[in-house]
Amino acid sequence: FDTSDTACLELKNGGADAVISDLPVLQYFLKQGGSAYAKAVGEPKKGDFYGIATAKKNKTLCDKLNKALQDMKKDGEYQKIYDKWFK
């Protein structure tokens, strides 16, 4: 399938038996109602991470993003957002 959305729709409609996708995508799918007809099985593959790309020449933006993420992780806001959308 071209997208995870399409794959999950086909799972719901019986056109697929399973879907493999990024863990946050599938966690969101299950949280938004997919758990009524699907479940996660097995162990997620470890080691893949997400990132935010910035232009190499924009060091100021990169530094601000890194600082904001660090602050959010330190004060717990990052985990609250993660839990809201993916758990």
Subject >> Pairs satisfying side-chain hydrogen bond (donor to acceptor under 3.5 Å, both in side chains), at least one member in residues 30-44, at least two apart >> reply: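 Listed once each, the pairs would be none.
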Would you name the heavy atoms of [X] and [Y] that are closest together and state the gap between them?
X: Val25; Y: Ser4; answer: CG1-CB, 3.7 Å
X: Leu61; Y: Asn58; answer: N-OD1, 3.1 Å
X: Gly15; Y: Phe1; answer: O-CZ, 4.5 Å
X: Ala38; Y: Leu11; answer: CB-CD2, 3.8 Å

Original post:
Is the count of non-hydrogen atoms from other residues, nucleotides or ligands lying under 6.0 Å from Asp83 atom CG greater than 12?
Top reply: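 Enclosed: over 12 neighbouring heavy atoms sit under 6.0 Å from CG of Asp83.
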**OP:** First locate atom CG of Leu9, then atom CZ of Phe29, and finally report the distance between them rounded to the nearest 0.5 Å.
**Re:** 9.0 Å
Original post:
What is the distance from atom OH of Tyr78 to atom CG of Asp71, rounded to the nearest 0.5 Å?
Top reply: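 Interatomic distance, Tyr78 OH to Asp71 CG, rounded to 0.5 Å: 14.0 Å.
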**OP:** Tell me, please, which residues at least two apart from Lys12 pass salt bridge (charged side-chain N to carboxylate O under 4.0 Å, His left out).
**Re:**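 Lys12: no salt bridge (charged side-chain N to carboxylate O under 4.0 Å, His left out) contacts found.
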Original post:
Do you reckon Leu30 sits in the same ILVMFWY cluster as Leu23, going by side-chain contacts under 4.5 Å, direct or chained?
Top reply: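 No; Leu23 is not reachable from Leu30 via cluster members.
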Original post:
Would you call Asp63 and Lys67 a salt bridge, using N to O less than 4.0 angstrom?
Top reply: no
**OP:** Would you check, one step at a time, whether the test side chain to side chain contact (heavy atoms under 4.5 Å, CB included) holds for Met72 with Tyr82?
**Re:** CA-CA 11 Å; Met72 290 172 68; Tyr82 183 92; over 6 Å; no
